[in-house]
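As the structure is a prediction and not an experimental result, all values here were calculated from the model. Throughout, residue positions are numbered sequentially from 1 according to the sequence presented. Values reported hereafter were calculated over all heavy atoms of this structure, with side chains retained and with hydrogens, waters and symmetry mates removed.
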Amino acid sequence: MLLHEFRPGRLLVGLTALTLAAVYAGDAAGAWTTPWYTAIPLLCGGLVTAALATWVAYRIRRRSARTRSSDSTGAPASSSGSQDIR
């Protein structure tokens, strides 16, 4: 039983933030030298990838919901009788 649905965009944003933190932690520890402008392409690339993954997941969820809702093609019960307001 799933507690919540899988959100790939949020996973990718988190991995992007962890990558940026690791890059600058290595720079702070003196393991390597990282220029200040390294964050811009890493952050933009991670956010664009996360947006793409979110859009794909949304389209998949909408398609599966649409196929599930088309299974019941009969008229709803409320349209067959009188619905007078008293």
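When all heavy atoms are compared, the tightest approach of Thr16 to Gly46 is OG1-CA, 3.3 Å. Here the closest non-hydrogen pair linking Gly9 and Thr54 is CA-OG1, 3.2 Å. Nearest heavy atoms, Thr38 versus Thr34: OG1-CG2, 3.6 Å. Closest approach of Ala50 to Val13, counting heavy atoms only: CB-CG2, 3.5 Å.
Side-chain heavy-atom separations under 4.5 angstrom define the hydrophobic clusters, and the remaining members of the one that includes Ile40 are Trp36, Tyr37.
In this structure, the side chains of Asp27 and Val23 stay at 4.5 Å or more apart for every pair of heavy atoms. Side chains of Leu20 and Leu43 form a contact here, defined as non-hydrogen atoms less than 4.5 Å apart.
Around the OH atom of Tyr58, the shell of radius 6.0 Å holds no more than 12 heavy atoms that belong to other residues, nucleotides or ligands.
Put simply, CG on Leu42 and OH on Tyr24 are 7.5 Å apart, with the number rounded to the nearest 0.5 Å.
The salt bridge (charged side-chain N to carboxylate O under 4.0 Å, His left out) search around Arg10 returns none, not counting sequence neighbours.
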